[in-house]
Novice: 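For reference, the structure I am asking about is given below.
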Amino acid sequence: MKGREVLVNLFEACNSGKSVAQLHSLTLKDGLAHDSFFATKLNALYAKYESLGHARKVFDETPNRTVYLWNATLRSYCRENQWEETLYLFHNMISDSRGNDEKPDNFTIPIALKACTGLRALAYGKIVHGFVKKHEKVALDMFVGSALIELYSKCGQMGDALKVFNEFSQPDVFLWTSMVTGYEQNGNPEEALEFFFRMVMVGRVDPDRVTLVSAVSACAQLSNFRLGSCVHGVAIRNGFNSDLSLVNSLLNLYAKTGSVKTAASLFGKMPEKDVISWSSMIACYTHNGAILEALNLFNEMIDRGIEPNSVTVVNALQACAVAGNLEEGKKIHELATRKCFELDITVATALIDMYMKCLAPQEAFDLFKRMPKKDVVSWAALLSGYAQNGMAYKSMGVFRNMLSDETQPDAVAMVKLLTACSELGILQQALCLHAYVIKRAFKNNIFVGASLIELYSKCGSIDIANRLFEGIKDKDVVIWSAMIAGYGVHGQGAEALKVFDKMVKHSAVKPNDVTFLSVLSACSHSGLVEEGIEIFNMMVREYQLKPGPEHYGIIVDLLGRTGELDKAMEIVECMPNASAPHVWGALLGACRIHNDTKLGEAAAKSLFLLDPNHAGYYILLSNIYAMDNKWEHVADLRTLIREKGLNKMSGQSVVEARGDIHSFVAGDRRHQDSDQIFGLLGTLEVKMREESYVPDVDFQQHDMHGGCFTDLKCIKA
DNA sequence: GTAAGTGTTC
């Protein structure tokens with residue numbers, strides 16, 4: 001028996017793969033290798049240091065397997081994410097085919113449940129749950145409980161998870177945390193936070209770092225800065241504020257709540273950063289319109305030798321997409337190709353999106369063709385990309401191909417399709433798609449509903465849009481915003497303001513940043529300058545919403561129109577992130593109206609850095625120079641545009657007349673009835689002059705391409 | 001012996 005004790009001590013001291021093999025031969029020599037105690041030890045050590053194969057061999061060769069040996073083996077497979085094998089072994093364990101083997105205990109069950117969770121095998125998980133209820137020997141302890149909650153929540157069954165949770169009178173931190181995490185990951189952040197606060201206040205259980213991570217994520221989902229800061233405070237009080245995952249989730253919180261400065265300072269103070277920290281910070285800059293900062297940070301990361309992963313690449317690509325920065329985008333594409341990230345469907349889709357937003361649809365399509373696998377997201381990116389490039393008619397074809405490829409649209413793809421269609425403004429098509437939406441049961445989706453309202457508005461059928469709007473019983477903020485935007489694009493600013501007023505005064509729905517964007521742009525389209533500025537103040541003061549770059553863009557545009565260029569510049573200068581291209585674009589536009597060459601040059605300087613390939617900005621500046629009679633500057637800019645190979649996308653109009661669809665560009669004379677059309681235009685012009693309208697023809701520098709009329713077919717849904 | 005953080009189309 002002395003040899004046995006020595007062996008036990010040797011096993012305790014074992015800490016490398018080499019010594020496991022030595023121990024194995026020692027036990028074989030002493031005839032103890034199949035003793036279930038040593039077999040279990042050997043099994044676990046082999047799995048840890050050597051290989052699962054060796055561990056399995058020990059398991060297979062042991063005649064009388066104790067529950068410990070079973071558990072050690074199951075755990076080894078589960079740790080390596082070999083869930084099928086784990087469940088196969090577990091199934092052998094519970095079936096009676098090997099009579100002398102022991103039955104699962106409450107150490108076995110969580111392992112089996114974890115394998116079920118990994119496979120999302122809800123049905124088998126329920127069998128395991130049934131086993132727990134049937135066998136009195138298996139206690140429903142907290143380990144089993146949280147594994148069950150985990151299974152149910154990963155399978156989207158929070159009701160079942162709650163039932164399990166309620167069986168415990170004194171839940172521990174794991175059980176509480178499983179519930180918080182479960183609700184958070186199932187898109188129910190309110191419930192997650194309720195559990196979090198109940199845990200602390202009623203349960204009197206201290207949250208640990210994982211609970212806090214989930215609570216912060218819930219706040220991020222709600223974009224609730226105040227609540228998030230509270231949780232941050234709790235984290236600091238509990239001494240978790242240097243936990244890497246926790247700080248990373250805080251970065252995400254501050255990104256989602258537009259608190260770029262807080263995020264940046266947190267990022268700067270991090271004692272250690274990993275690739276997720278860098279990616280999160282890049283995403284934070286991108287989503288808050290600080291494109292230069294995002295790209296700078298990405299390049300800094302590369303310079304420091306920190307390896308970006310596919311997520312980092314996606315974030316950096318988004319920055320290029322927002323800025324329309326094709327050069328940087330191509331560089332990142334090269335990097336992605338080197339690292340074989342192009343195979344990642346998410347990266348490929350982000351690349352398609354980037355090329356589309358950088359007005360390079362051909363490159364996007366080439367990449368799409370090369371993709372070995374496409375999903376509904378990549379199809380949707382292609383579809384909406386064409387619409388963004390003035391080729392919305394192609395979107396309809398893409399949609400048909402997508403259906404032939406047996407990819408069914410989800411709600412987002414549907415929204416994209418409806419938006420593409422609204423670019424065309426064809427009522428016939430709108431009606432077809434509306435029918436499709438009803439047929440495919442998308443009509444209760446609020447985003448789809450809002451897109452239909454937008455679609456009808458843009459087709460000129462504001463009445464149908466309004467009827468649709470009135471027909472929706474539980475109008476939420478998205479629906480209200482869509483109707484306001486609908487009146488806005490129609491130039492019915494007063495109607496838009498009426499709807500907004502009704503929403504604020506007679507509904508329980510609170511306007512959000514999108515609503516304010518709709519109202520502000522409605523004011524801008526109808527020239528309601530004072531109302532717009534008043535509403536902007538209301539947004540900041542009454543609703544405490546942080547204006548994003550788009551809001552600033554409109555307000556700069558409004559101020560610019562009234563000639564208050566100084567005020568507009570002031571706003572641009574005190575914006576939280578002064579690098580959003582279209583805000584500068586709005587300022588540049590205002591300088592064109594009011595002939596301010598100096599300010600225009602300054603705005604253009606910033607713009608050419610931020611969005612170097614946007615032909616429109618060069619043309620705007622050249623128009624400013626033209627008005628100031630600085631023709632040499634005009635010539636320089638024209639050369640620059642040519643050298644850069646930039647093309648201003650020509651505006652294409654589509655008209656529906658008696659069921660036929662005609663499209664044309666400026667100066668287009670290809671239509672068979674061209675003479676008649678231009679004759680009528682002449683008559684209209686005379687009438688307009690009679691009504692004392694003077695057209696603004698000071699600076700006509702449109703690049704005219706020969707366009708053609710295209711016939712579009714209504715898609716059959 | 002359990003759990004957690006960044007990503008594609010809105």
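A, B, ... follow the sequence lines: proteins, then strands. Residue 1 opens every chain.
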Novice: Taking only Lys NZ, Arg NE, NH1 and NH2, and the carboxylate oxygens of Asp or Glu, determine whether A/Glu334 and A/Lys330 approach each other closer than 4.0 Å.
Specialist: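 Here A/Glu334 does not pair with A/Lys330 in a salt bridge, since their nearest N and O are not under 4.0 Å apart.
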
Novice: Hey, could you give me each pair passing salt bridge (Lys or Arg N to Asp or Glu O under 4.0 Å) that has a residue in residues 104-120 of chain A? Not counting sequence neighbours.
Specialist: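 Residue pairs with at least one partner in residues 104-120 of chain A: there are none.
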
Novice: Suppose we screen for side-chain hydrogen bond (donor to acceptor under 3.5 Å, both in side chains). Which residues come up paired with A/Tyr285, at least two apart in sequence or across chains?
Specialist: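 A/Tyr285: no side-chain hydrogen bond (donor to acceptor under 3.5 Å, both in side chains) contacts found.
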
Novice: Can you name the residues that form a side-chain hydrogen bond (donor to acceptor under 3.5 Å, both in side chains) with A/Glu300, not counting sequence neighbours?
Specialist: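 Applying side-chain hydrogen bond (donor to acceptor under 3.5 Å, both in side chains) to A/Glu300 gives A/Arg304.
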
Novice: What integer distance in Å separates A/Arg75:CZ from B/dT2:C1'?
Specialist: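 After rounding, the reported distance stands at 10 Å.
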
Novice: Is any side-chain N or O of A/Lys114 closer than 4.0 Å to OP1 or OP2 of B/dG1?
Specialist: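 Looking at the OP1 and OP2 atoms of B/dG1, neither is under 4.0 Å from any side-chain N or O of A/Lys114.
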
Novice: Which nucleotide wins on minimum distance to the side chain of A/Pro110, given the candidates B/dA4, B/dG7, B/dG1?
Specialist: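 Closest nucleotide to the A/Pro110 side chain: B/dG1.
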
Novice: Of the nucleotides B/dT6, B/dC10, B/dA4, which one has an atom closest to the side chain of A/Asn309?
Specialist: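 The nucleotide sitting nearest to the side chain is B/dT6.
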
Novice: When the distance from CD1 of A/Ile352 to C1' of B/dG7 is rounded to whole Å, what number comes out?
Specialist: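 To the nearest whole Å, that distance equals 15 Å.
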
Novice: Name the one of A/Ile149, A/Leu148, A/Asp160 that satisfies side chain to side chain contact (heavy atoms under 4.5 Å, CB included) with A/Phe165?
Specialist: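 Considering A/Ile149, A/Leu148, A/Asp160, a side chain to side chain contact (heavy atoms under 4.5 Å, CB included) with A/Phe165 is found only for A/Ile149.
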
Novice: Consider the side chain of A/Ala350, meaning its heavy atoms from C-beta on, and name the nucleotide among B/dT8, B/dG7, B/dA3 that approaches it most closely.
Specialist: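 Closest of the options to the side chain of A/Ala350: B/dT8.
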
Novice: Measure from the side-chain heavy atoms of A/Glu150 and tell me the nearest of B/dT8, B/dG1, B/dA4.
Specialist: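 The answer is B/dA4, which lies nearest to the side chain.
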
Novice: Within the structure, does a side-chain N or O atom of A/Gln185 lie under 4.0 Å from either OP1 or OP2 of B/dA3?
Specialist: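 Indeed not, no polar side-chain atom of A/Gln185 lies that close.
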
Novice: Mind listing the residues from residues 274-282 of chain A sitting with a heavy atom below 4.0 Å of DNA chain B? Number order is fine.
Specialist: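 Only A/Asp274, A/Ile276, A/Ser279, A/Ser280 qualify.
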
Novice: Would you say A/Asn252 reaches B/dT6's phosphate, i.e. side-chain N/O to OP1/OP2 under 4.0 Å?
Specialist: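 So the side chain of A/Asn252 is within the cut-off, an N or O lying under 4.0 Å from OP1 or OP2 of B/dT6.
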
Novice: What does A/Ser451 touch in the nucleic acid at a heavy-atom separation under 4.0 angstrom: a base, only the sugar-phosphate, or nothing?
Specialist: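 If one applies the 4.0 Å heavy-atom cut-off, A/Ser451 turns out to touch nothing in the nucleic acid.
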
Novice: Sequence neighbours left out, what passes side-chain hydrogen bond (donor to acceptor under 3.5 Å, both in side chains) with A/Glu406? Give chain and number order.
Specialist: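 Once residues adjacent in sequence are excluded, A/Glu406 has no partner under the side-chain hydrogen bond (donor to acceptor under 3.5 Å, both in side chains) criterion.
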
Novice: I'd like to know if A/Ser146 reaches the base of B/dT2 with its side chain such that a donor and an acceptor end up less than 3.5 angstrom apart.
Specialist: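 Flag set: donor-acceptor pair detected.
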
Novice: Closer than 4.0 Å, any side-chain N/O of A/Gln318 to the OP1 or OP2 of B/dT8?
Specialist: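 Yes.
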
Novice: Identify whether any heavy atom of A/Val415 sits under 4.0 Å from a base atom; if not, whether one sits that close to sugar-phosphate; answer base, sugar-phosphate or nothing.
Specialist: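 Sugar-phosphate contact only - A/Val415 comes under 4.0 Å of backbone atoms but never of a base.
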
Novice: Any salt bridge between A/Glu328 and A/Lys331, counting N to O under 4.0 Å?
Specialist: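 A/Lys331 and A/Glu328: salt-bridged.
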
Novice: Rounding to an integer number of Å, can you tell me how far A/Phe298 CZ sits from B/dT6 P?
Specialist: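 Going from CZ in A/Phe298 over to P in B/dT6 covers 19 Å.
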
Novice: To the nearest Å, give me how far apart CH2 (A/Trp176) and C1' (B/dA4) are.
Specialist: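 For the pair A/Trp176 CH2 and B/dA4 C1', the rounded distance is 19 Å.
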
Novice: Tell me, please, which residues at least two apart from A/Lys41 pass side-chain contact (heavy atoms from CB on, under 4.5 Å).
Specialist: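 side-chain contact (heavy atoms from CB on, under 4.5 Å) check on A/Lys41 returns A/Phe11, A/Glu12, A/Phe37.
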
Novice: According to salt bridge (Lys or Arg N to Asp or Glu O under 4.0 Å), does anything in residues 228-242 of chain A pair up with another residue at least two apart or in another chain? List the pairs.
Specialist: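 Every candidate salt bridge (Lys or Arg N to Asp or Glu O under 4.0 Å) pair involving residues 228-242 of chain A fails, so no pair, neighbours aside, qualifies.
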
Novice: Measure from the ring centre of A/Phe174 to the centre of the six-membered ring in the base of B/dA3, then say whether that distance is under 5.5 Å and the planes meet at under 30°.
Specialist: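 By the stated criterion, A/Phe174 and B/dA3 do not stack.
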
Novice: Looking at the side chain of A/Phe143, which of B/dG7, B/dA4, B/dG1 is the nearest nucleotide?
Specialist: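 Nearest listed nucleotide: B/dG1.
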
Novice: How long is the line joining CG of A/Asp206 and P of B/dA3, in whole Å?
Specialist: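 So the two atoms are 21 Å apart, to the nearest Å.
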
Novice: Taking OH from A/Tyr152 and C1' from B/dA3, how many angstroms apart are they, rounded to a whole number?
Specialist: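 Taking OH of A/Tyr152 and C1' of B/dA3, I get 18 Å after rounding.
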
Novice: Salt bridge or not between A/Arg370 and A/Asp366? Use side-chain N to carboxylate O under 4.0 Å.
Specialist: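 Here A/Arg370 does not pair with A/Asp366 in a salt bridge, since their nearest N and O are not under 4.0 Å apart.
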
Novice: Would you jot down, in residue-number order, the residues of residues 333-345 of chain A having a non-hydrogen atom under 4.0 Å from DNA chain B?
Specialist: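 Per residue number, the list reads A/Asp344.
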
Novice: Mind calculating the distance between CG (A/Leu151) and C1' (B/dA3) to the nearest angstrom?
Specialist: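 Rounded to whole Å, this separation is 14 Å.
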
Novice: In terms of side-chain heavy atoms of A/Val314, which of B/dA4, B/dT8, B/dC10 is nearest?
Specialist: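 Nearest to the side-chain atoms of A/Val314, counting from C-beta on, is B/dT8.
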
Novice: Can you check whether A/Lys154 has a side-chain N or O nearer than 4.0 Å to OP1 or OP2 of B/dA4?
Specialist: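 For A/Lys154, the contact criterion (side-chain N or O under 4.0 Å from OP1 or OP2 of B/dA4) is met.
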
Novice: Scan residues 208-220 of chain A for pairs that pass salt bridge (Lys or Arg N to Asp or Glu O under 4.0 Å), counting only residues two or more places apart or in two chains.
Specialist: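 Sorted result for residues 208-220 of chain A: A/Arg209-A/Asp243.
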
Novice: A/Leu212 CG to B/dA3 P: how many Å, rounded?
Specialist: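 Distance, rounded to whole Å: 17 Å.
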
